[in-house]
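Here is the structure we will look at, set down as structure tokens.
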Amino acid sequence: MKNTPALYDLHLHTYWSYDALADPEVHFRRARELGLRCLAITEHHNLDALPDLVRIAADYPDIRWIVAAELTVNTSIGAVDLLCYGLPLQPCGLLAQVLDEYHEWQRAAGAARVRQMQALGFDYSSEEHLALLRSYRPERTLERQGATHVRGKTEIDYFIRRGFIANPGERAALLQRLPKELATPCYPSVERVVPAVKQAGGLVVIAHPAGYFQDRNRQRMDALREECGLDGIECAHRSVHPEQTAFYRAYCREHGLLSTGGSDSHDNEDVLTPPEQWGHTREKRFACHLGEEAWLDEFLERLP
């Protein structure tokens, strides 16, 4: 992975995502310092950061900011993360309904975890679940979103501290024991979400696609392109190897799809680590991806 920042980052999270800690303004400030042209803040399942972002972006007119969200949908292969770009500042109609459904899903997922742990005999209450969220999330995000699910690292540390598991590796086995009748609800369906995004003028790009595509399985890629109504592929991401990037880019050109790149940064440390200190290719360093500047120009031309 190169140690030169890309000129854009189209996959970023702030503390408005259930699993992120980054301050929204840190992204913009760092983008200016590194000379980036464009940003997209892609919160998980929501557009709740928009009031903050509108205010912050006004102070950074030199940086193009794209209204976006990362919406996870239920498909024929299970959950798939879709990056949705060019969304309206004031969602209405079907998109507004879908975003409300995501809020309901997040609260239902949080409540399900409490019921699941109690069913296994663990002393884990709704109050403890909310306190765990408050240990890392700003209060105003909880006021807007309620008691969502908890990010993995925080949950693992808490479960170890309480003696529910002995080490991080035991979490997967614990989750496999959870009663199926108390399973976390499925994400909103792709048939519901994608039409709402398209109706609102948005573009749909599949995020970190290597796993979904089973590496370079063209049959799988074709099927997901159709099922998810894809406008593009996140060809450059820390989980996508350079040879995969080249293959996905060629596929995009063959099918008239956009190519995007993003770091998937979640924390201030991800954003602020200097490029000369970038190390492992799987780190979520801000603007650390192999996306070419020409991809950004193609992307911006397609935005509404």
Side-chain angles (χ1 to χ4, degrees), residues 1-46 48-50 52-53 55-57 59-60 62-63 65-66 68-70 72 81 83 131-142 145 148-161 167-169 171 207-208 210 234 236-242 260-291:
M1 183 67 72
K2 65 180 181 179
N3 279 36
T4 302
L7 292 177
Y8 57 94
D9 198 325
L10 301 180
H11 190 165
L12 297 164
H13 297 277
T14 79
Y15 53 58
W16 284 100
S17 287
Y18 78 95
D19 62 347
L21 303 175
D23 185 304
E25 187 161 9
V26 171
H27 290 305
F28 285 84
R29 187 166 65 246
R30 191 62 172 148
R32 176 176 284 172
E33 291 170 353
L34 296 178
L36 270 64
R37 290 177 52 194
C38 186
L39 295 180
I41 310 298
T42 54
E43 307 295 12
H44 288 295
H45 319 314
N46 72 81
D48 297 339
L50 280 184
D52 286 356
L53 296 176
R55 173 181 52 79
I56 294 167
D59 293 330
Y60 295 85
D62 49 317
I63 300 166
W65 163 60
I66 309 299
E70 183 174 6
T72 305
D81 294 328
L83 297 164
L132 195 55
L133 287 165
R134 284 190 168 126
S135 71
Y136 73 95
R137 298 206 67 192
E139 187 65 28
R140 62 199 188 100
T141 67
L142 299 178
Q145 298 174 3
T148 67
H149 45 324
V150 175
R151 72 172 186 154
K153 182 181 185 306
T154 299
E155 185 176 76
I156 288 171
D157 291 346
Y158 179 78
F159 284 1
I160 292 175
R161 194 162 63 248
N167 57 67
R171 179 174 179 255
H208 35 71
E234 189 177 42
H237 181 272
R238 63 190 174 85
S239 65
V240 176
H241 300 300
T260 68
S263 67
D264 207 356
S265 294
H266 279 58
D267 303 339
N268 286 339
E269 180 184 359
D270 296 335
V271 181
L272 297 175
T273 299
E276 59 270 20
Q277 295 181 19
W278 290 350
H280 195 279
T281 59
R282 295 189 65 82
E283 292 176 337
K284 301 179 180 182
R285 301 310 188 196
F286 181 80
C288 180
H289 63 80
L290 298 176

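Counting begins at 1 with the first residue of the sequence.
With sequence neighbours excluded, the residues forming a side-chain contact (heavy atoms from CB on, under 4.5 Å) with Ile160 are Ile156, Ile165, Pro168, listed by chain and number. For Asp59, there are no side-chain hydrogen bond (donor to acceptor under 3.5 Å, both in side chains) partners two or more places apart in sequence or in a different chain. Scanning for side-chain contact (heavy atoms from CB on, under 4.5 Å) contacts around Ala210 gives Gln244, Tyr248, with sequence neighbours left out. Not counting sequence neighbours, the partners of Asp270 by the salt bridge (charged side-chain N to carboxylate O under 4.0 Å, His left out) test are Arg285. Residues forming a side-chain hydrogen bond (donor to acceptor under 3.5 Å, both in side chains) with Asp52 (at least two apart in sequence, or on another chain): Trp16, Arg140. Residues meeting the ring pair (Phe, Tyr, Trp, His ring centres under 6.0 Å) test with Tyr136, sequence neighbours left out: none. Applying the side-chain hydrogen bond (donor to acceptor under 3.5 Å, both in side chains) rule to Thr14 yields the partners Glu43; only residues at least two apart in sequence or on another chain are considered. Residues satisfying the side-chain contact (heavy atoms from CB on, under 4.5 Å) criterion with Ala68, sequence neighbours excluded, are Ala40, Thr42, Tyr85. Scored by the side-chain contact (heavy atoms from CB on, under 4.5 Å) test, Ala207 finds His11, Glu70, Asp81, Leu83, Glu234 as partners (sequence neighbours excluded).
Residue pairs meeting the salt bridge (Lys or Arg N to Asp or Glu O under 4.0 Å) criterion with at least one member in residues 150-161, sequence neighbours excluded: Arg113-Glu155, Lys153-Asp157, Glu155-Arg171. Within the structure, salt bridge (Lys or Arg N to Asp or Glu O under 4.0 Å) pairs that include any residue of residues 6-26 do not occur (at least two apart or interchain). Identified under the salt bridge (Lys or Arg N to Asp or Glu O under 4.0 Å) test for residues 27-42, with sequence neighbours left out: Arg30-Glu33, Arg32-Asp62, Arg37-Glu293, Arg37-Asp297.
The six-membered or imidazole ring of His13 lies away from that of Tyr18, with a centre-to-centre distance of 6.0 Å or more.
The main-chain N or O of Val271 is never found under 3.5 Å from a side-chain atom of Ser265 such that the two would form a donor-acceptor pair.
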